[in-house]
Structure formats: C-alpha cells, structure tokens
Amino acid sequence: MLPVTHGNDETTRHVLLYSYLLLAVTLAYGAIARAGLVYLIGVGVLDGGWLVLAHRLRRSRQVRDAMRLFHYSTGYLALAFAVAALDALL
C-alpha cells in the first residue's frame, strides 16, 4: 500500500530505516536474552545480508530488487529462529 500512496522513494526510505531498526532489535534481544555467540554471529550475518539488499533496493528502486528482499525475508525468519533455537541448545 505504501508505494501506491507515497511513491517508491518514500517506500524504499522506509524499508531502509526499518532494516536498521531490525538490526537494533535483534541485537537488543541478544543482550536482553543473554544470547550466546551463535545467535549474535548468526543474526549478524543474516542482518548484514538484509541490509545489503535494502541498500540495493534504495539505490535501484526496482521491483526486481524488492522481490529479492521479500524472498530473503522468508528465509531470514526461518534461519533466525533456527539460530536462536540452536543457541539455546548450546
């Protein structure tokens, strides 16, 4: 809905801002939950990939890059939960 009401420039700006917010929240969770290195490294790598795709989308403003980020988000979610579960087991 946001691209329809506010355009691609504003939408990609929001995507990039929320991507950095995601990084902050996942790292804050690591501190609050006293997560180990497995979680911090795993989520750090996943967040790094997310930020690369978000910056690419911000530069290009192409639907192709938006779809890449969308597809990455589904894998990200599964892998982030897997990393958190693995960290809890170790």
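Values below: all heavy atoms of this structure, side chains included; hydrogens, waters and symmetry mates excluded.
Closest heavy-atom contact between Leu40 and Gly30: CD2-CA, 4.2 Å. When all heavy atoms are compared, the tightest approach of Val38 to Leu90 is CG2-CD1, 3.8 Å. What you find for Arg56 and Asp65 is that their closest heavy atoms are CD-OD1, 3.7 Å. The two atoms that bring Ser19 and Trp50 nearest to each other are OG-NE1, 2.9 Å, heavy atoms only. Between Thr12 and Arg61, the shortest heavy-atom contact is OG1-NE, 3.8 Å.
Both Leu79 and Tyr29 are part of a single hydrophobic cluster, where members link through side-chain heavy atoms under 4.5 Å apart.
Taken from CG in Leu77 to CG in Leu46, the straight-line distance is 10.5 Å, to the nearest 0.5 Å. With rounding to the nearest 0.5 Å, the separation of CG in Leu22 from CG in Leu17 is 12.5 Å. With rounding to the nearest 0.5 angstrom, the CG atom of Leu53 is 11.5 Å from the NE2 atom of His71. Distance CG/Leu16 to CZ/Arg13: 9.5 Å, rounded to 0.5 Å.
For Arg58 (side chain) and Asp9 (main-chain N/O), a donor-acceptor pair under 3.5 Å exists by modelled atom type. Without hydrogens or angle criteria, Tyr39 side chain to Thr26 main chain gives a donor-acceptor distance under 3.5 Å.
The salt bridge (Lys or Arg N to Asp or Glu O under 4.0 Å) test applied to Asp87 returns no partner, not counting sequence neighbours. Partners of Phe70 under the ring-ring contact (aromatic ring centres under 6.0 Å, His included) rule, at least two apart in sequence or in another chain, do not exist in this structure.
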query: Is there a ring pair (Phe, Tyr, Trp, His ring centres under 6.0 Å) between His55 and Tyr20 once you walk through the steps?
result: CA-CA 11 Å; His55 277 279; Tyr20 278 102; 5.7 Å; yes
- request: Show your working on side-chain contact (heavy atoms from CB on, under 4.5 Å) between Phe81 and Leu86 and close with a plain yes or no.
  value: CA-CA 9 Å; Phe81 281 127; Leu86 181 63; over 6 Å; no
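Residue-environment remark: CG (Leu37) stays at or below the threshold of 12 foreign heavy atoms within 6.0 Å.
Counting only heavy atoms from C-beta outward, the side chains of Tyr76 and Val43 approach each other to under 4.5 Å.
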